[in-house]
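Chain identifiers are assigned alphabetically (A, B, ...) following the order of the sequence lines, protein sequences preceding nucleic acid strands; residue numbering begins at 1 within each chain. Nothing here was measured: the structure is a model prediction, and the numbers come from that model.
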Amino acid sequence: DQQVKQNSPSLSVQEGRISILNCDYTNSMFDYFLWYKKYPAEGPTFLISISSIKDKNEDGRFTVFLNKSAKHLSLHIVPSQPGDSAVYFCARETSGSRLTFGEGTQLTVNP
Amino acid sequence: GEEVAQTPKHLVRGEGQKAKLYCAPIKGHSYVFWYQQVLKNEFKFLISFQNENVFDETGMPKERFSAKCLPNSPCSLEIQATKLEDSAVYFCASSQSQGPGQPQHFGDGTRLSIL
């Protein structure tokens, strides 16, 4: 069973500081991990992805790090902004491109 | 269009009635995916299509659930004889192609309430 786990249901940070969202996974067979952001009453919005051949991918304020030996990935947001307050999901792409999502982490950025 | 359009936004049905949900993928996207979000943050994959062909249906309940993507029509997800546990938000997503790292673009979902 190829699972992804987000063990922190919530995270609160001050505006301007760094937000670090974490995700652990089982099984070492994968192609890509993706991060999505979700606001209430909206669908998930794609943020950034990382493939198994990389250990880092950066896009503006968002950076994803992959530690294959620890089976762990993290999303860094810096600087954090109040508009970043949302639920963040990590997802792994499995066979047939289906996504398996983690449980999500509610990020709150305080002004 | 430039967004995945799901209709209706909210659907209420009595237990045992039929429910039908619709999804118009982004123009030019060949792949359509359906997910069910039962608890607040738990997504379950249901089915995917490549154009009008079923691509992966391993997540679909064997009974009561069916889905179609016909040419020149919105895709649909139909639930026969609904049960209370079918209450969920159903998300549709589309992608331009199938392959590693192709992001799926999600609609805003249909909230199905079974009374």
* Asked: Linking I/L/V/M/F/W/Y whenever any side-chain heavy atoms sit under 4.5 Å apart, do B:Phe65 and B:Val32 land together?
  -> yes
* Asked: Does CZ belonging to B:Arg64 count more than 12 external heavy atoms closer than 6.0 Å?
  -> yes
* To do: State, to 0.1 Å, how close B:Phe33 and A:Ser97 come at their nearest heavy-atom pair, and which atoms those are.
  => CE2-O, 3.8 Å
* Taking A:Glu42 for the side chain and B:Asp108 for the main chain, is one N or O donor matched with an acceptor at less than 3.5 Å? -> no
* Asked: For A:Phe89, is it the side chain, the backbone, both, or neither that has a heavy atom closer than 4.5 Å to a heavy atom of chain B?
  -> side chain
* Hphob cluster co-occupancy, A:Ile20 + A:Val109, side-chain heavy atoms under 4.5 angstrom -> no
* Asked: Are A:Tyr36 and B:Phe106 near enough that their ring centres are under 6.0 Å apart?
  -> yes
* Asked: At a heavy-atom separation under 4.5 Å, does B:Thr58 approach chain A through its side chain, its backbone, both, or neither?
  -> both
* To do: For atom NZ of A:Lys68, decide whether the heavy atoms of other residues, nucleotides or ligands shown that lie under 6.0 angstrom number more than 12.
  => yes
* For the atom pair CZ (A:Phe46) and CD (B:Gln104), what is the distance rounded to the nearest 0.5 Å? -> 10.5 Å
* For a side chain to side chain contact (heavy atoms under 4.5 Å, CB included) with A:Arg98, tell me which candidate from B:Ile47, B:Asp56, B:Leu46 qualifies. => B:Asp56
* To do: Pick one of side chain, backbone, both or neither for B:Tyr35, based on which atoms fall under 4.5 Å of a heavy atom in chain A.
  => side chain
* Asked: Minimum heavy-atom separation for A:Ser49 to B:Gly101, with atom names?
  -> OG-O, 4.4 Å
* So what's closer than 4.5 Å to chain B heavy atoms on A:Leu99: side chain, backbone, both or neither? -> both
* Does CD in B:Glu57 sit with more than 12 non-hydrogen atoms of other residues, nucleotides or ligands closer than 6.0 Å? -> no
* Asked: Do the side chains of A:Phe101 and B:Tyr31 join up, straight or via other hydrophobic residues, at under 4.5 Å, putting them in one cluster?
  -> yes
* Looking only at atom types and distance, does a side-chain atom of A:Tyr32 sit under 3.5 Å from a main-chain N or O of B:Gln102, one as donor and one as acceptor? -> no
* Under 3.5 Å, is there a donor-acceptor pair between the side chain of A:Glu93 and the main chain of B:Pro103? -> no
* Asked: Quick one: do B:Phe45 and B:Phe55 end up in the same hydrophobic cluster if we chain Ile, Leu, Val, Met, Phe, Trp and Tyr together by side-chain heavy atoms under 4.5 Å apart?
  -> yes
* To do: Please indicate whether B:Glu42 has more than 12 foreign heavy atoms, meaning atoms of other residues, nucleotides or ligands, lying under 6.0 Å from its CD.
  => no
